[in-house]
Amino acid sequence: GQNVNIPDANFKAYLVGEPTINTNGDTEIQVSEATAFNGSITCDWMNISDLTGIEAFTALTELICWDNQLTSLDLSQNTSLTYLNCSRNLVLTVLDVSANTAIEYLDCHDNQLSSLDVSNNIALTYLMCQDNQITALDVSQSSDLIELGCYDNQLTSLDVKNGNNTNFIFFRCDGNPNLSCINVDDAAWSTANWTQEAFTFDQQHYFSNNCPPSAIQEHTTNKELLKVTDLLGRET
């Protein structure tokens, strides 16, 4: 059958060496083998710089690829993923998980991410995205989320109003000096209950049920005055 294109030698060596993936024991991974595999690819610490070929594993449920040299990661075809750990790649600047609506566990800490869109990841229960350069994070659509680590970023807006705050067991967002208002389900409840060691915030952080728009999302644009008119539409 047709072989999967796997240009990274280290990634290919791992796949070929896995009998649960390379079921016929040859030196290639056939498309039929890839599409049939619904387990876990665990290839951390293998000096892999390119995961091209992962798109053939359309039934893949777990991907653990932390501590490699990845510069990008295309998971658009891996729609069955429930578990993803791609942390500590350092040069993974873009992570698109919009197609991975089944993901429950996502760990992408210690990369160079400037943004992270999890609006489609409604099944998330665990999200660790600390030690990046993320400026805005909205987990309000992830109604099952109970563990969130977004500390040591560049956050200016954070929305955790997901209807499930009372079930949170871990939440750290310290190390975000430009963040002030945190949008939550119930500000009074969060203030009273998120005080134990598993909940860590900066001194200037406060909770609100309705953070000002500027605190939820900031847009910077170049503004140019085009025309000023009076109430009758006459240019002034």
Side-chain angles (χ1 to χ4, degrees), residues 1-113 116-132 139 142 144-149 169-170:
Q2 184 180 359
N3 295 330
V4 179
N5 175 37
I6 310 169
D8 189 286
N10 293 330
F11 185 39
K12 184 174 183 178
Y14 161 77
L15 294 175
V16 169
E18 282 292 322
T20 56
I21 298 174
N22 186 18
T23 54
N24 65 5
D26 64 2
T27 59
E28 299 289 341
I29 300 298
Q30 280 73 49
V31 171
S32 57
E33 291 174 319
T35 56
F37 184 71
N38 63 358
S40 173
I41 287 181
T42 304
C43 57
D44 52 298
W45 287 87
M46 291 187 177
N47 200 30
I48 296 170
S49 59
D50 187 356
L51 279 184
T52 295
I54 197 74
E55 66 277 1
F57 291 82
T58 53
L60 183 70
T61 54
E62 294 189 4
L63 175 59
I64 302 170
C65 55
W66 56 281
D67 255 308
N68 280 292
Q69 302 296 321
L70 298 176
T71 57
S72 63
L73 186 57
D74 184 357
L75 301 173
S76 58
Q77 303 304 309
N78 309 106
T79 55
S80 296
L81 271 182
T82 60
Y83 187 108
L84 171 61
N85 188 335
C86 58
S87 58
R88 296 176 63 177
N89 276 284
L90 298 179
V91 292
L92 178 57
T93 55
V94 177
L95 180 62
D96 185 351
V97 289
S98 59
N100 311 108
T101 56
I103 281 187
E104 301 172 5
Y105 180 108
L106 173 57
D107 190 340
C108 55
H109 75 268
D110 276 281
N111 285 295
Q112 295 293 326
L113 301 177
L116 182 63
D117 184 355
V118 293
S119 58
N120 287 346
N121 308 111
I122 59 175
L124 272 179
T125 61
Y126 178 101
L127 173 60
M128 295 294 140
C129 57
Q130 67 270 21
D131 293 298
N132 280 288
V139 295
S142 304
D144 292 329
L145 189 71
I146 57 173
E147 295 186 71
L148 174 61
I169 59 175
F170 180 88

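By convention here, the first residue in the shown sequence is residue 1. Hydrogens, waters and symmetry mates play no part in the numbers below; they use all other heavy atoms, side chains included. Since this is a predicted model, take the numbers as computed values, not measurements.
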Using 0.5 Å steps for rounding, measure from the [atom1] atom of [X] to the [atom2] atom of [Y].
X	Y	atom1	atom2	answer
L15	F57	CG	CZ	4.5 Å
N68	N10	CG	CG	8.5 Å
L84	N78	CG	CG	9.5 Å
N120	L124	CG	CG	10.5 Å
I103	T82	CD1	OG1	8.0 Å
R88	N111	CZ	CG	10.5 Å

Exercise. So T125 and E147, side chain to side chain contact (heavy atoms under 4.5 Å, CB included) or not? Walk me through it.
Worked result: CA-CA 6 Å; T125 61; E147 295 186 71; over 6 Å; no
Minimum-distance pair of heavy atoms, taken over all atoms of [X] and [Y]:
X	Y	value
C43	F11	SG-CE1, 4.3 Å
K12	T27	CE-O, 3.7 Å
P7	D50	CG-OD2, 3.6 Å
C108	L113	SG-CD1, 3.9 Å
T35	A56	CG2-O, 3.5 Å
N132	D110	ND2-N, 3.9 Å

For this session: May I have the step-by-step check of side chain to side chain contact (heavy atoms under 4.5 Å, CB included) for D107 and W66, ending in yes or no?
Result: CA-CA 9 Å; D107 190 340; W66 56 281; over 6 Å; no
Looking at side-chain heavy atoms only, is the closest gap between [X] and [Y] below 4.5 Å?
X	Y	answer
I48	C65	no
L60	L75	no
L127	S142	no
S40	I64	yes

Problem set entry | ring-ring contact (aromatic ring centres under 6.0 Å, His included) partners of residues 92-112, not counting sequence neighbours, each pair once |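 Output for this query lists Y83-Y105, Y105-Y126.
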For this session: Would you please test T79 and T101 for side chain to side chain contact (heavy atoms under 4.5 Å, CB included) and show each step?
Result: CA-CA 7 Å; T79 55; T101 56; over 6 Å; no
For this session: Please determine, by modelled atom types, if D8 and S49 share a side-chain donor-acceptor pair under 3.5 angstrom.
Result: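 Yes, side-chain donor-acceptor contact under 3.5 Å.
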Exercise. What residue among S72, C129, C86 forms side-chain contact (heavy atoms from CB on, under 4.5 Å) with L95?
Worked result: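 Filter result, single survivor: C86.
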